[in-house]
Amino acid sequence: MRIRRVLVLIAGAIVVAVAAIVGWMVFQPGPYAFAKGSPVDLAAYKGRPPTGVPPELAHADAATRGEYLIRMADCEACHTAKGGSRFAGGRPFVLPFGTIYTPNLTPDPDTGIGKWSDAQFLNAVHKGIAPDGSHYYPAFPYASYTMLTDADVLAIKAYLFSLKPVHQANRPNTFGFPVNQRWLMAIWARLFNPDHRFRPVEGQSEAWNRGAYLVEAAGHCGECHTPRNLLQALDQRRKFAGGVAEGWNAYNISTDRNDGIGDWPPDDLAVYLAAGHAKGRGVASGPMGEAVALSLAHLTKSDIAAIVTYLRSVPAMASGLPKAAGPAPATPKLANIDNPVGKRLFEGNCVGCHAWTGAGAAADHARLTGLRSVNDPSAANVVQIILNGRGKPGTPKPYMPSFARSYSDAEIAAVANYITARFGSTPSKVTPADVAAFRKEN
Amino acid sequence: MDLKINGANHQVDVPDDMPLLWVIRDVLGMTGTKFGCGIAQCGACTVHVDGIAIRSCQLPVGTVGGRAITTIEGIGDTSAGAKIQKAWIELEVIQCGYCQPGQIMSAAALLAANPQPDDDAIDAAMAGNLCRCGTYVRIREGIKHAARA
């Protein structure tokens with residue numbers, strides 16, 4: 001009898017503990033609850049509506065406005081496979097529990113969304129529910145898109161329906177048990193999708209509210225830049241403290257002065273977002289490079305300014321990153337770096353553009369010193385850009401070749417470790433096995 | 001757009017993002033600078049911008065501004081460049097020659113910055129210049145010969 005009572009007590013304690021942990025994850029502040037003022041329904045908001053297209057495009061035709069909105073939400077990056085047709089899906093995302101492929105968004109009636117009604121499209125984007133009633137995985141950021149207005153979502157649908165239908169069947173994901181149980185996602189949605197439209201904050205400026213709509217609803221920046229909790233929901237208590245996207249570190253974009261963007265002048269931020277590079281700040285690459293190329297670079301000046309206004313209001317959140325190192329010496333030989341393989345590769349492949357000082361031989365695009373990626377002890381983004389390169393040769397945008405096929409895992413690990421030791425504050429310890437794992441991310 | 005090349009001013013009507021190499025070769029017809037790989041990996045396109053050796057195939061012309069460009073056509077007018085060219089002739093460094101404009105530009109930049117380079121400094125400065133004929137040993141000897149001159 002006694003043992004039984006103890007067991008019941010223990011079981012009860014476990015249930016309470018699990019409930020407390022899940023409750024802690026579920027009952028968390030909203031994405032912009034940090035802001036002073038009172039959120040109101042859109043219809044009750046007295047300022048200029050923060051939704052839709054910016055004032056510059058108020059009189060543009062429906063097609064232009066639809067295209068702008070789909071750029072704002074950056075649907076193209078995920079729903080286009082490498083070398084595939086735009087919006088036809090098929091891009092793989094490698095997750096710890098399997099690979100998921102994005103679906104076809106072109107209006108093909110059989111393989112795309114050609115037969116979808118407006119209500120079905122709204123249901124998908126706001127609630128994460130497919131026309132057949134099954135639930136999407138939150139890899140699709142509907143918990144952000146749920147804040148988009150019906151009008152904006154339907155303008156995006158109208159744009160998609162104006163595209164040429166592409167007949168391309170969706171690929172099933174390769175998730176294993178228990179993640180392959182889609183019905184579980186209904187519970188996830190109940191817990192983590194607020195399922196309500198954007199609520200502007202009275203007491204904040206019109207630019208701030210527009211910025212919040214762009215960042216939180218359409219741009220879904222937090223999906224990469226906010227860390228996730230155990231249940232794969234965004235941890236809003238650590239808002240913008242940095243996350244991971246396809247093996248790239250999506251760095252802290254809170255206003256922390258060292259770890260985040262708190263010391264970036266507003267102009268630097270605006271130029272970086274619109275052009276993908278600001279002096280001394282490095283070049284947006286990997287998934288952020290795509291976000292700039294496919295979305296941010298197409299936004300109007302007023303919208304970029306609104307994003308900057310909003311980002312600079314987000315509270316500082318430390319994430320324990322080291323302070324960036326200062327300038328590096330011009331002399332090739334450094335006594336404190338014992339890495340002959342890394343040095344040989346750097347001098348043969350990198351120094352022509354990046355220079356021994358790391359300041360860039362002739363263009364600031366090639367700067368290494370002072371960058372967050374080079375001062376990140378994990379060296380994840382250093383390895384990623386060596387593997388993937390950036391841009392295409394012979395185009396105006398900054399270009400770096402991919403070295404994935406030129407060098408072994410051991411060589412790439414060596415040169416990444418050489419770069420962080422020479423130009424960063426904390427030398428990395430990337431192993432060949434790490435490089436092999438990074439190769440699989442792409 | 002105004003460019004200062006080998007001491008002379010040139011006015012060119014080109015997009016900002018055109019690689020400097022294309023401007024030099026295709027627009028201005030100065031074909032001494034060579035196109036090799038096009039991705040800053042071989043060094044054949046090396047020129048100087050304010051005395052620093054850079055790969056012109058990867059430098060958008062709009063980023064040059066008022067900085068002085070020196071190409072293989074003008075390098076003989078600099079003291080380091082003249083010494084390198086003389087050493088190259090005396091030691092017959094060149095084999096097929098395609099990479100040599102780039103080799104000479106990198107070597108001249110090195111010698112101007114470091115009049116007595118040791119083997120490590122030579123390796124570090126020249127590592128980005130490939131030579132398919134394998135004249136590396138004579139290149140190193142040529143640089144030392146020029147340093148003694």
Side-chain angles (χ1 to χ4, degrees), chain A residues 275-279 283 297 328-335 337 339-367 385-386 388-407 415 418 422, chain B residues 14-23 26 35-65 67-70 102-103 105-106 109-110 113-114 117-131 136:
Chain A
H277 170 254
K279 199 163 184 298
V283 177
T331 167
K333 240 187 182 169
L334 292 181
I337 308 178
N339 182 348
V341 175
K343 177 170 182 278
R344 174 171 59 78
L345 285 162
F346 185 80
E347 94 189 342
N349 299 281
C350 318
V351 83
C353 291
H354 295 291
W356 288 107
T357 58
D364 190 72
H365 294 122
R367 170 181 295 279
I385 195 147
I386 294 170
N388 294 296
R390 192 205 184 283
K392 292 191 192 85
T395 66
K397 301 289 184 285
Y399 167 74
M400 171 165 155
S402 152
F403 294 92
R405 292 184 185 180
S406 319
Y407 292 110
V415 75
Y418 183 81
R422 186 179 178 92
Chain B
V14 294
D16 266 7
D17 49 35
M18 183 179 277
L20 175 61
L21 176 64
W22 302 11
V23 180
D26 302 346
F35 178 93
C37 65
I39 57 171
Q41 291 295 293
C42 77
C45 66
T46 306
V47 302
H48 293 183
V49 174
D50 273 354
I52 294 166
I54 60 102
R55 315 295 179 227
S56 61
C57 71
Q58 279 302 314
L59 186 68
V61 65
T63 65
V64 176
R67 292 184 285 176
I69 300 162
T70 310
Q103 303 281 3
M105 295 308 286
S106 289
L110 167 66
N114 180 357
D118 58 12
D119 281 358
D120 280 337
I122 293 174
D123 287 352
M126 303 303 294
N129 289 80
L130 303 186
C131 170
Y136 301 112

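These numbers come from a predicted model, not from an experiment. A, B, ... follow the sequence lines: proteins, then strands. Residue 1 opens every chain.
- Going from atom NZ of Lys343(A) over to atom CG of Asp123(B) covers 7.0 Å, rounded to the nearest 0.5 Å.
- Of the listed residues (Asn349(A), Val351(A), Asp364(A), Thr331(A)), the greatest number of heavy-atom pairs within a distance under 4.5 Å of chain B belongs to Asn349(A).
- Nearest heavy-atom pair across Glu347(A) and Ala124(B) is OE1-CA, 3.5 Å.
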Please list every donor-acceptor pair under 3.5 Å in which a side-chain atom of residues 47-55 of chain B meets a protein atom from a residue at least two apart or in another chain.
residue  : atom : partner   : partner atom : Å
His48(B) : NE2  : Met105(B) : O            : 2.6
Asp50(B) : OD1  : Ala68(B)  : N            : 3.0
Arg55(B) : NH1  : Thr46(B)  : OG1          : 2.8

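- For Ala355(A), the side chain to side chain contact (heavy atoms under 4.5 Å, CB included) test picks out Thr357(A), Ala361(A), with sequence neighbours left out.
- By number of non-hydrogen pairs under 4.5 angstrom with chain A, the leading residue of Asn129(B), Thr63(B), Leu59(B) is Leu59(B).
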